[in-house]
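Heavy-atom basis, side chains included; hydrogens, waters and symmetry copies ignored. Proteins come first, then strands; the chains are lettered A, B, ... in the order of their sequence lines, and each starts at number 1. Note that the structure is predicted; figures quoted are calculated from it, not measured.
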Amino acid sequence: MARHLITSAIPYINGIKHLGNLVGSQLPADLFARYQRGRGHEVMFLCATDEHGTPAELAAAKAGKPVAEYCAEMHEVQARIAEGFRLSFDHFGRSSSVQNHKLTQHFAGRLADAGLIREVSETQMYSHADGRFLPDRYIEGTCPNCGFESARGDQCDNCTKQLDPTDLINPYSTISGSTELEERETKHLYLRQSEMRGKLADWIDSKSDWPVLTTSIAKKWLNDGDGLQDRGITRDLDWGVPVMKGDAPWPGMEGKVFYVWFDAPIEYIAAAQEWVDAGKGTDWARWWRTDKGAEDVTYTQFMGKDNVPFHTLSFPVTIFGSGEPWKLVDYIKSFNYLNYDGGQFSTSRGRGVFMDQALELLPADYWRWWLLSHAPESSDSEFTWESFQSSCNKDLADVLGNFVSRVTKFCRSKFSEAVPEGGNYGPDELALIEDISRRVRTYEQHMEAMEVRKSAQDLRAIWAAGNEYLQTVAPWSTFKTDPAKAAIQIRLALNLIPLYAVLSAPFIPDAAASLLGSMNAEETPWPDDVAAQLSKLAPGHAFTVPEVTFRKITDEERDSWQERFAGTRD
RNA sequence: GGCGCGGUAGCUCAGUUGGUUAGAGCGAUCGACUCAUAAUCGAUAGGUCGGGAGUUCAAGUCUCCCCCACGCCA
């Protein structure tokens, strides 16, 4: 039995995510976790909410709530939606947890001891009205270059000139609108990533089996311009992990917190500690410490391409730099973006389908199937309602759902709601069994390799094989001349249903569970031996004809949804 | 402007280390079947593999140049 540690990039606390975010990390991670569990392996699947930083503070202020309260509420909202999509996290943690605070401070202390952190003095804009330092993009003013009046502190949107907040004429806070800004000297900590450049490059070079998307992004950051740059890991904020050197105070860093990108990935580890503290397990170290049982763990991370630099460079610097035997990632599966109907998803314009809305329209399985079978692996892909309707109706309703329906209903009308008596499987049956066996092995290979789209194609072909068989042997006509032979044919077809359910469970867990229930075959294991599995439902085994497993999406629904989620176009 | 990923049948995409007549699903057309969610199954459809040049006995698959789309960065 292998052991798999699986993490999904942690979604930011601010707001509900859209389908593109879902398919970029959490959903494929869940597919892989469910598959590995299905194969009988031990799995630890972790995710969390990323809660620190200015956007969270501003969103809380807008909602009129203290930031801690806002985050707690939003965490619950995201947790419920994740449940709705059947994301099977062993724990869904919070980067604001005590566990993460302690661990982040611990890592910072270790990195400081290793000489990998340096202090830098810089000037930053302080807003008296807001009572805080302002990040560059929260300051606007008149561009000194082109005169544009809403130039941001980091760049002018009009002439694209790169700016410093101090360059702006008549700068003001975009939070309060206040013009009472003052340049103040402040000290920050920088992680000396550049020190690790060689080690990181060697490490990345050794990962020849990683997706090109992952390694190309990592190499770009390692080699572009002057190479990997040091990065600030602290901010002048209230909401975050207070800067400490392990358990000790950090002189000169009072009132500062670590910047989100530093503490967020550490939450992967802290989430396992939260898992223990929540009473769900007893030993987190055997997943995360190679000196405490994690040496045989395979660790896989899932994320969208925007997160690749943090996972290939920054977080590994933290791990390497600690000098402690933390489990390092073995494989990074990254995804491109999902576009929406000819453009991008847009939160501000209400364009595209968001996770909560999706579940109001249809059960999770429909979304899971479309998203996974169209996962943006090799390039950006696009959601259209036509494609969604077509895939769901054709694959789920016609090929899989209708197969179950035709078999069970035929059996009920010609025999009974139990597997009929008959004889032994003949040549046609053995041929199908061999065909399915071969296809299952291919499916397994693609799932092991996290080839999501190909796996979906394989699965669909396995479903279709059942229909092909029925069409060939035609039990409805066999029945007229040789009822016993028809009984054999139907017995095999009935046996395909629990097999399909188990194989499909990683993609469509709810439908899989309901099919197993209908067939009274809840305990069906993964078909390591397909032939044996297809004889498991013996004559006399009772079942019930299931309700419609997947209903069809009508043209009217498709059109109305398309209109409803179009947002305000440019 | 630099960089990255792409540009393969109407649509969505596969195409391993270069090698027989370039593949799948959907759609379309024709046919078969009638157990089933008007479902299924089979056959067919002939795409200069973005454009050009080069390397090679042989290139969608390697090299160079150009064009287009998308994204990232400064």
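- Using cut-offs of 30° and 60° for the angle between ring planes, the A/Phe479 and A/Phe410 rings count as perpendicular.
- Backbone-only engagement by A/Ala464 is indicated by non-hydrogen atom pairs under 4.0 Å involving sugar-phosphate atoms exclusively.
- Remark: P of B/G4 and CZ of A/Phe335 are 23 Å apart, rounded to the nearest angstrom.
- Looking at the side chain of A/Glu468, the nearest of the listed nucleotides B/G42, B/A39, B/U34 is B/G42.
- Using a 4.0 Å heavy-atom criterion, one finds that A/Thr472 contacts no nucleic acid atom at all.
- The stretch residues 408-446 of chain A comes close to RNA chain B through A/Lys409, A/Phe410, each having a heavy atom under 4.0 Å from the strand.
- The P atoms of B/U16 and B/U34 are separated by 43 Å, rounded to the nearest whole Å.
- B/G51 and B/C67 have their C1' atoms separated by 7 Å, given to the nearest Å.
- When the shell of 6.0 Å around CD of A/Glu547 is examined, it contains 12 or fewer heavy atoms from other residues, nucleotides or ligands.
- Within 4.0 Å of A/Phe550, counting heavy atoms only, lies at least one base atom of the nucleic acid.
- With a 6.0 Å radius and a threshold of 12 heavy atoms from other residues, nucleotides or ligands, A/Asn424 has its CG atom at or below the threshold.
- Distances shown here put a side-chain N or O of A/Lys394 below 4.0 Å from the OP1 or OP2 atom of B/U40.
- Closest approach of A/Asn336 and A/Glu377 over heavy atoms only: ND2-O, 3.3 Å.
- Rounded to whole Å, the distance from CH2 on A/Trp385 to C1' on B/U12 is 18 Å.
- Remark: P of B/C33 and NZ of A/Lys480 are 11 Å apart, rounded to the nearest angstrom.
- Closest to the A/Ser405 side chain, of the nucleotides B/U12, B/A36, B/C26, is B/A36.
- Between A/Leu338 atom CG and B/G71 atom P there is a gap of 13 Å when expressed in whole angstrom units.
- Across A/Phe354, A/Phe383, A/Phe565, a single residue satisfies side chain to side chain contact (heavy atoms under 4.5 Å, CB included) together with A/His18, and that is A/Phe354.
- For A/His311 and A/Tyr268, the distance between ring centers is under 6.0 angstrom.
- At whole-Å resolution of the value, NE2 in A/His374 and P in B/C11 are 15 Å apart.
- By the 6.0 Å contact criterion, NZ on A/Lys485 is open, its count of non-hydrogen atoms from other residues, nucleotides or ligands being 12 or less.
- Taken together, the paired segments of RNA chain B that extend over three or more consecutive Watson-Crick or G-U pairs, each closer than 3.5 Å at both contacts, are B:1-4 with B:70-73, B:10-13 with B:23-26, B:28-32 with B:40-44, B:50-54 with B:62-66.
- Taking the six-membered ring for Trp and the full ring otherwise, the centers of A/Phe388 and A/Trp367 sit less than 6.0 Å from each other.
- For the C1' atom pair drawn from B/U55 and B/C13, the interatomic distance equals 30 Å after rounding to whole Å.
- Within 6.0 Å of CD on A/Glu434 lie no more than 12 heavy atoms contributed by other residues, nucleotides or ligands.
- Using atom P as the reference point in both B/A24 and B/G42, the two lie 12 Å apart (nearest Å).
- Looking at which nucleotide of RNA chain B each of A/Leu396 and A/Asn467 is closest to, the 5′-most match is held by A/Leu396.
- If you take atom P in B/G27 and the same atom in B/A43, they sit 16 Å apart, rounded to whole Å.
- Checking A/Val407 against A/Trp463, the closest nucleotide of RNA chain B that is more toward the 5' end is the one next to A/Val407.
- B/A59 and B/A53 are spaced 13 Å apart, taking the P atom of each and rounding to whole Å.
- For the pair A/Arg491 and A/Tyr425, the cation sits on the ring face: its NZ or CZ lies under 6.0 Å from the ring centre, inside 45° of the axis.
- With A/Phe403 as the fixed residue, the ring-ring contact (aromatic ring centres under 6.0 Å, His included) test singles out one of A/Tyr500, A/Phe550, A/Trp463: A/Tyr500.
- Side chain A/Asp398 to base B/A39: no donor-acceptor pair is found below 3.5 Å.
- With B/U37, B/C13, B/U40 as the candidates, the nucleotide lying closest to the side chain of A/Gln471 is B/U40.
- A distance of about 14 Å separates the C1' atoms of B/G23 and B/G46, rounded to the whole Å.
- Atom-to-atom, CG of A/Asp395 to P of B/U37 comes out at 19 Å; the value is rounded to the nearest Å.
- Of all nucleotides listed (B/U34, B/C13, B/U37), B/C13 comes nearest to the side chain of A/Arg453.
- Here A/Glu195 does not pair with A/Arg118 in a salt bridge; the nearest charged N to carboxylate O distance is not below 4.0 Å.
- Rounded to an integer number of Å, the gap from OH of A/Tyr469 to C1' of B/C33 is 16 Å.
- Atoms CG (A/Leu459) and P (B/G25) sit 15 Å apart, rounded to a whole Å.
- Note on A/Lys454: every side-chain N or O is 4.0 Å or more away from OP1 and OP2 of B/A24.
- When the C1' atom is compared between B/C70 and B/G10, the two are found 22 Å apart, to the nearest whole Å.
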